[in-house]
Amino acid sequence: MIIPSLIFIVDSFHKQFNQKSYITINMIFQSSRQLGNIVLKMSNNILTSYGFESTIKPFLKSPKIKGGKFHAVVAFIQFVLWEMFIVIEKTGDFLSMANQLQEKLVMYRHHLHAIPELDLSLPRTSAYVKEMLETMGLKPTPVGESGLMVTIGGQHAGKVILIRADMDGLPIQEETELSFASLNGNMHACGHDLHTSMLLGAAEILKAHEGLLRGTVKLMFQPGEETLQGAKMMLEHGILENPKVDAAMMLHVLTGMPIPAGQFVVPEAGEAISASSDWFELIIRGRGAHGAMPSAAVDPLNVAAHLHLALQGIISREVSPMESAVLTIGVMEGGTTNNVIPDTARMKGSVRTFDAVLRDTIETRIHEISAGIGDIFHAKVDVIYTRGCPEVKIDPELNRQMRTTLGNTFGASSCSGLAQLIPGGKLMGSEDFSFVSQAVPSTSVFLNAGNTGEGYGYPMHHPKTMFSDEVLHRGAAAYAAFARDWLESNR
């Protein structure tokens, strides 16, 4: 009879949080000192398991529970049990609903995988996502070229959390043998079709539980991640305003990893976890001549060779061994035949760092070294330097919330740290979600969608790379549960 009584009390308290409920509940508890002692013993275990100490302290000071230590303890336990039941109920609902949506998520993903589009021009992809959102009773709004935004919640006053999925593909001819493989010369080789499908699933879950949300969830369906243009474009079109976003998160799948499919990987807190990315082009202007008369020429190819070596000296001799940076020359070209010294040559490269000051320093040194080498050899070197995106920043508080949500939703063993998978816990790859993370506190999570031992042996951006459909419901539940939990914790 004890547990049913507790459930009745918790339900009464949840439905009617007022003085009358307190009087009724306190009378029930006082009628049984044995029940009160049992409840008191349960409190320590409940507090330890669910971490409600900070939540309950202000509650215990309420005027409604004055009148003796026993009354305070009773009210305290009532509140903790109510919170505990709500946490269990919410977690179960979100994950079980995600499981029920799995077949629909697979349908979304297969459709999107077959129609990959590039950069900011995603007419078919954006139209499909918009149609699916509208079938859920949502009203998506266009944001810039091909971008979409939809809000869920707002029935209770609170903050705004943004959750983002990218939608664009890559200019790669797909070489998988999947029944839903792309045939249009482009490919979803980075898993953006999974991200979009998962966020559609999260939209349906959140819409079904809209009344529980203690604030507003803003969903960001973004084009142009691969070209590092989409997030910035959507920020310029106001994605973080109306309503103003307080925090943000993103999810990215992995594949070809030696960890179980469905395992979450959480970055380390308080650090940049994805590098900034910039590009540069060097146009070397010399003076052409016959190959037999080099003294009559200013050889731009000779200048290019010296430039290549000198630029690598920035990394090897000017960057501290305790810092990380990469300068890559990807293009060196000039001339058309074997016995002619050309007028011009061209070089192209990229720069990646985790530190904004170092990023600025390397850009300055590329300009200085290019000018200096040009002067030495009587050539002129034009530098075209293009800023791509900054580093992705991880907010410690949001990072902790991510770990808590994953543990509560999927179990304590469901996630591991990025440093356990990649030495140093950082990725030299770039991600334009960085523009969002520079504007509002943000976090990210990775989800493995392909174990190397199960036939997923190719890395992302490879024409034969594949991702498992089986993780779709886990991604959808993670998106939705994190948004709900952050709003609840920050109301």
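Note that these values count all heavy atoms, side chains included, but never hydrogens, waters or copies made by symmetry.
A cation-pi contact, defined as under 6.0 Å to the ring centre and within 45° of the axis, links Arg484 to Phe94.
Nearest approach of Ser430 to Ser274, heavy atoms of both residues: CA-OG, 3.6 Å. Here the closest heavy-atom approach between residue Val471 and residue Ala261 is recorded as CG1-C, 4.2 Å. Of all the heavy atoms in Ala310 and Ile369, the pair that sits closest is CB-CG2, 3.7 Å. Heavy-atom minimum distance, His113 versus Ala181: CD2-CA, 4.1 Å. Of all heavy-atom pairs spanning Trp279 and Thr227, the tightest one is CH2-O, 4.2 Å. Closest approach of Ala345 to Leu301, counting heavy atoms only: CB-CD2, 3.9 Å.
Thr465 contributes no side-chain N or O that, together with a main-chain N or O of His461, makes up a donor-acceptor pair within less than 3.5 Å. When atom types are taken as modelled, the side chain of Asn399 and the backbone of Thr443 share no donor-acceptor pair closer than 3.5 angstrom. Gln263 places no side-chain N or O within 3.5 Å of a backbone atom of Asn448 that could act as its donor or acceptor partner. Side chain of Asp168 to main chain of Glu225: a donor-acceptor pair is present (N/O by atom type, distance under 3.5 Å, no hydrogens or angles). Gln173 places no side-chain N or O within 3.5 Å of a backbone atom of Met187 that could act as its donor or acceptor partner. At distances below 3.5 Å, not a single donor-acceptor pair connects side-chain atoms of Thr405 with backbone N or O atoms of Met402. For the pair Arg287 (side chain) and Ala296 (backbone), a donor-acceptor distance under 3.5 Å is present. Judged purely by atom type and a 3.5 angstrom limit, Glu210 uses its side chain to pair as donor or acceptor with the backbone of Gly153. Formation of a donor-acceptor pair under 3.5 Å by the His209 side chain with backbone atoms of Ile205 is found in this model. A distance-only check finds a donor-acceptor pair linking the side chain of Gln102 to the backbone of His473 [under 3.5 Å].
Salt bridge absent: Lys218 and Asp246 never bring a charged side-chain N and a carboxylate O closer than 4.0 Å. A salt bridge links Asp382 with Lys380: the closest approach of a Lys/Arg side-chain nitrogen to an acidic carboxylate oxygen falls below 4.0 angstrom. A salt bridge links Asp469 with Arg109: at least one charged nitrogen is closer than 4.0 Å to a carboxylate oxygen. One finds a salt bridge joining Lys104 and Glu204 here, because a Lys/Arg side-chain nitrogen approaches an Asp/Glu carboxylate oxygen to under 4.0 Å. Ion pairing between a basic and an acidic side chain is recognised when a charged N comes within 4.0 Å of a carboxylate O; Glu134 and Lys130 show such pairing.
Each of His188, His111, His110 was compared with Phe180 under the ring-ring contact (aromatic ring centres under 6.0 Å, His included) criterion, and only His110 meets it.
Between the side chains of Glu470 and Ser468, no donor N or O sits under 3.5 Å from an acceptor N or O. Side-chain atoms of Ser350 and Thr328 form no donor-acceptor pair, as typed in the model, at a separation below 3.5 Å. A donor-acceptor contact closer than 3.5 angstrom is absent between the side chains of Asp119 and Ser121. Residues Asp432 and Gln222 have side chains that bring a donor and an acceptor to within less than 3.5 angstrom of each other.
Residues Phe435 and Met234 form no side-chain contact, since every pair of their non-hydrogen atoms from C-beta on lies 4.5 Å or further apart. Residues His252 and Met460 meet the side-chain proximity criterion, which asks for heavy atoms closer than 4.5 Å. The shortest side-chain heavy-atom distance between Met198 and Leu105 does not fall under the 4.5 Å cut-off. Within the 4.5 Å cutoff, the side chain of Arg164 has no heavy atoms near those of the Val436 side chain. Within the 4.5 Å cutoff, the side chain of Asp395 has no heavy atoms near those of the Ser442 side chain. Between Met220 and Met250, every side-chain heavy-atom pair lies at or beyond the 4.5 Å cut-off. Within the 4.5 Å cutoff, side-chain heavy atoms of Phe482 are placed close to those of Gln401. Looking at heavy atoms from C-beta onward, Leu219 lies out of side-chain contact with Leu138 at the 4.5 angstrom threshold.
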Decide yes or no on side-chain hydrogen bond (donor to acceptor under 3.5 Å, both in side chains) for Asp355 and Thr353, but give the supporting numbers first.
-> CA-CA 6 Å; Asp355 180 79; Thr353 74; over 6 Å; no
Could you go through the side chain to side chain contact (heavy atoms under 4.5 Å, CB included) check for Leu311 and Leu282 one step at a time?
-> CA-CA 12 Å; Leu311 292 175; Leu282 309 180; 3.9 Å; yes
Show your working on side chain to side chain contact (heavy atoms under 4.5 Å, CB included) between Lys232 and Cys389 and close with a plain yes or no.
-> CA-CA 9 Å; Lys232 185 177 181 181; Cys389 69; over 6 Å; no
Let me see the working for Glu117 and Thr125 under side-chain hydrogen bond (donor to acceptor under 3.5 Å, both in side chains), right down to the final yes or no.
-> CA-CA 7 Å; Glu117 297 171 300; Thr125 302; 2.7 Å; yes
Kindly determine whether Arg474 and Ser414 satisfy side chain to side chain contact (heavy atoms under 4.5 Å, CB included), including the steps that lead there.
-> CA-CA 10 Å; Arg474 291 176 70 83; Ser414 64; 4.0 Å; yes
Would Ile329 and Phe280 count as a side chain to side chain contact (heavy atoms under 4.5 Å, CB included) if you check the C-alpha gap in whole Å, the side-chain angles of each, and the deciding distance to 0.1 Å?
-> CA-CA 9 Å; Ile329 302 296; Phe280 61 89; 3.6 Å; yes
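His195 and His192 have their aromatic ring centers within a separation under 6.0 angstrom.
No more than 12 heavy atoms of other residues, nucleotides or ligands lie within 6.0 Å of NZ in Lys393, so this atom counts as exposed by the packing criterion. Applying the 6.0 Å contact sphere to CZ of Arg365 captures more than 12 heavy atoms from other residues, nucleotides or ligands. Counting non-hydrogen atoms of neighbouring residues, nucleotides and ligands closer than 6.0 angstrom, the NE2 atom of His378 reaches no more than 12 such neighbours.
For the atom pair CG of Leu118 and CG of Asn186, the computed distance is 4.0 Å after rounding to the nearest 0.5 Å. We find the CG-CG distance between Leu327 and Asp278 to be 10.5 Å, quoted to the nearest 0.5 Å. Here Leu194 contributes atom CG and Asp166 contributes atom CG; the two are 11.0 Å apart, rounded to the nearest 0.5 Å. Rounded to the nearest 0.5 angstrom, Asp485 CG and Leu406 CG are separated by 9.5 Å. The CD1 atom of Ile273 sits 9.0 Å away from the CD1 atom of Ile422 when rounded to the nearest 0.5 Å. Expressed to the nearest 0.5 Å, how far CG of Leu307 lies from CZ of Phe377 amounts to 9.0 Å.
Relative ring orientation between His367 and Tyr385 is described as tilted, the plane-to-plane angle lying within the 30° to 60° band. In this pair, Tyr108 and Tyr128 present their aromatic rings perpendicular. The plane angle is above 60°, beyond the 30 to 60° band.
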